[in-house]
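What follows is a short report on a single structure.
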2 protein chains.
Amino acid sequence: MTGRFSTHIGFRPIDPILRRLKSLATLSEPELSLLRTLGERRERHAPGEQLVAEHAKEPRPRFVVSGWACRQRLMPDGRRQIFSLMLPGDDLGFESAPALASVVALTALETVDGAPALDAARRGAAPGLAAALAAAARQADALLLDQAVRLGRLTAFERMAHFFLELQHRLEITGLGDRQRFPLPLTQEIMADSLGLSIVHVNRTLQQLRRAGMIELRSGVAILLQPEAMTKLCDYRGVANKAA
Amino acid sequence: MTGRFSTHIGFRPIDPILRRLKSLATLSEPELSLLRTLGERRERHAPGEQLVAEHAKEPRPRFVVSGWACRQRLMPDGRRQIFSLMLPGDDLGFESAPALASVVALTALETVDGAPALDAARRGAAPGLAAALAAAARQADALLLDQAVRLGRLTAFERMAHFFLELQHRLEITGLGDRQRFPLPLTQEIMADSLGLSIVHVNRTLQQLRRAGMIELRSGVAILLQPEAMTKLCDYRGVANKAA
DNA sequence: CGCTTCTTTGACGAGCCTCAAACTGAGTGG
DNA sequence: CCACTCAGTTTGAGGCTCGTCAAAGAAGCG
């Protein structure tokens, strides 16, 4: 987690949030400076910490500044399904209560309070921000549909490719990755629970992708060697941008 | 499709809509009568007809009055994933444009224009209706998460059980089914595309459920013989009700 | 270092898919 | 009333994908 893709060096703390929201709607200068002030009320979370409980009456709206989290549901027998990964710049707990899934930190995580932004948007005081948050919610919906296609109709090989392409795109938007490289601080268990596979099969599928010359994984960084080929192979359609 | 669960005999045309929205929020008398007037602008759709195209700029908001539809996505090679089934009383095309998936009629279908309801809710003229529509959107989100769990972490046997329980609950709410029986006008191909299975395996899994004394299927009607056992077996949690 | 967590490998079996064909039932037209 | 057709269901055979169990490496961390 150090070096080129560090989330601490070379970026202002809340830069991913600004970048992401700017990619979703046009923000005014007052809106931007409101967002910049959010960085002051920061909070740290250890891996495994639950940020939102499944039926939380009033989940606190937050933005992820650094580190990764996920939305998930657990079954009584221990099976877990991860619905989506929350990357730096992503919002959580902005939807109406009660929460439909829990949110859990996957790595060391930093978040900031999103309430000022949400309030301003709701009051009508920040139309650009309101549009950006609406677009973010739409994008989350789109990602969930992609996830359903992955789980229901893609093979393990296609699923992994699709998954990596989604991460590449999302991380590039926030400036944390480029067209080919991005940080990937996930264990194979987490990928398994996200992709509906077993850990062992994730491991073997990763090897397949490596042998096919598609990817390279080294110390928390993923490299896509043939992004175009991967895109075709799994019918990846990219992340939704601005709403209409 | 005649007899006890007919959608035409014994119910006022838009009754499923009223029942469903009343289950989601408290509606005032003016709101109810607004909804009743919707029944006048009715539209018929043949099976297979596309009601909303995947990237439709402005999908027309509609309520399903009778028949079933689905939200789905198609892959270039013909694979299909159904995200959700739309039953009588359900709304479609109410979210912000452009549409993230297409909506297709699965059976002969009747819909009515939802725009008057949506407009009234947006204008602030119908707070109860607005609450009901928001709760409906929330419920759709919840169903999509259930669907992801089904696809990612349940076995074929559990998936089918979970699927039937969801349909039972949803249809009971609109008065189209009871605690054990409900109409099921779906081919096994449709179930397969909904559950992420092959047709053949759906057929065999249905036989398993029958042999286990769980279900009975006869001419478009499903009977759940042991709903409680089924609920335990697949960790079914029921449909979300009123939002907070 | 020694511990824990994570990754990797092997062996084996089960779940699910594909292909192919037979069967059923509901029209449709002669 | 009887083919005939067509969509849907059911069955069989065979094989690939993916899961489970178990244990051996690697890699991070105190």
Side-chain angles (χ1 to χ4, degrees), chain A residues 1-3 46-48 68 75 77-81 105-108 150-163 183-212 215-222 233-234, chain B residues 1-2 46-48 68 75 77-81 105-108 150-163 184-212 215-222 233-234:
Chain A
M1 291 297 286
T2 58
W68 292 25
M75 294 180 63
D77 64 1
R79 279 180 284 183
R80 165 168 79 158
Q81 181 61 52
L106 295 172
T107 69
R150 268 198 298 249
L151 295 174
R153 282 302 182 221
L154 299 194
T155 65
F157 192 76
E158 293 167 329
R159 274 183 230 186
M160 291 260 11
H162 197 280
F163 178 71
L184 187 73
L186 301 180
T187 65
Q188 295 181 0
E189 180 174 17
I190 294 171
M191 298 189 224
D193 286 339
S194 184
L195 297 176
L197 299 170
S198 68
I199 303 181
V200 172
H201 202 62
V202 163
N203 183 283
R204 293 190 162 124
T205 307
L206 285 172
Q207 292 176 47
Q208 257 190 285
L209 278 163
R210 272 193 285 253
R211 266 185 265 114
I215 64 164
E216 221 169 278
L217 297 182
R218 279 202 316 261
S219 63
V221 173
L233 132 75
C234 62
Chain B
M1 291 296 289
T2 58
W68 291 26
M75 295 180 62
D77 63 0
R79 279 180 283 183
R80 165 168 78 158
Q81 181 61 51
L106 294 172
T107 69
R150 268 198 299 249
L151 295 174
R153 282 302 182 221
L154 298 194
T155 65
F157 192 76
E158 294 168 328
R159 274 183 230 188
M160 292 261 10
H162 197 279
F163 178 72
L184 186 73
L186 300 180
T187 65
Q188 295 181 359
E189 180 174 16
I190 294 170
M191 298 189 223
D193 286 339
S194 184
L195 297 175
L197 299 170
S198 68
I199 302 181
V200 172
H201 201 63
V202 163
N203 183 284
R204 293 187 161 126
T205 307
L206 285 172
Q207 291 177 47
Q208 257 189 286
L209 279 163
R210 272 193 285 254
R211 267 186 265 114
I215 65 165
E216 220 170 279
L217 298 182
R218 280 201 316 260
S219 63
V221 174
L233 129 75
C234 62

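Letters go in sequence order (proteins before strands), and every chain restarts at 1.
The minimum heavy-atom distance linking B:Ala212 with B:Phe157 is given by the pair CB-CZ, 4.4 Å. Scanning both residues, A:Leu209 and A:Met160, for their nearest heavy atoms gives CD1-CB, 3.5 Å. Here the closest heavy-atom approach between residue A:Pro185 and residue A:Thr107 is recorded as O-CG2, 3.6 Å. Nearest approach of B:Leu195 to B:Arg159, heavy atoms of both residues: O-NH1, 2.7 Å. Heavy-atom minimum distance, A:Asn203 versus A:Gln188: ND2-OE1, 3.0 Å. Shortest non-hydrogen contact noted between A:Ala46 and A:Ala105 is O-CB, 3.5 Å.
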Could you list all N or O pairs between the protein and nucleotides 15-19 of chain C that sit under 3.5 Å apart?
| residue | atom | partner | partner atom | Å |
| --- | --- | --- | --- | --- |
| C:dC16 | OP1 | B:Ala156 | N | 3.0 |
| C:dC16 | OP2 | B:His201 | NE2 | 3.1 |
| C:dC16 | O5' | B:His201 | NE2 | 3.4 |
| C:dC17 | OP1 | B:Ser198 | N | 3.2 |
| C:dC17 | OP2 | B:Ser198 | N | 3.1 |
| C:dC17 | OP2 | B:Ser198 | OG | 3.0 |

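Within the 4.5 Å cutoff, the side chain of B:Thr187 has no heavy atoms near those of the B:Leu106 side chain. B:Asp193 has its side chain within reach of A:Arg153: a pair of non-hydrogen atoms, C-beta onward, lies under 4.5 Å apart.
With hydrogens and angles disregarded, a donor-acceptor distance shorter than 3.5 Å links the side chain of A:Gln81 to the backbone of A:Ser194.
Side-chain nitrogen and oxygen atoms of A:Gln207 include none within less than 4.0 Å of the OP1 or OP2 phosphate oxygen of C:dT8. At the phosphate of C:dT7, neither OP1 nor OP2 sits under 4.0 Å from any side-chain N or O atom of A:Asn203.
Atom CG in B:Leu217 sits about 16 Å away from atom C1' in C:dT24, given to the nearest Å. C:dT7 atom P lies 10 Å from atom CG of A:Leu186, rounded to whole Å.
Each end of the helix from C:dC1-D:dG30 to C:dG30-D:dC1 gets its own rotation axis from five pairs of C1' atoms, and the angle between them is 40° to the nearest 10 degrees.
First and last contacting nucleotides of DNA chain D toward chain B (any atom under 4.0 angstrom from a heavy atom, 5' to 3' order): D:dG8 to D:dA13.
To the nearest 0.5 Å, atoms CG (A:Leu197) and CZ (A:Phe163) are separated by 10.5 Å. Taken from NE2 in A:His201 to CE in A:Met191, the straight-line distance is 14.0 Å, to the nearest 0.5 Å.
Residue contacts for A:Arg218: at a heavy-atom cut-off of 4.0 Å it reaches no nucleic acid atom on any strand shown.
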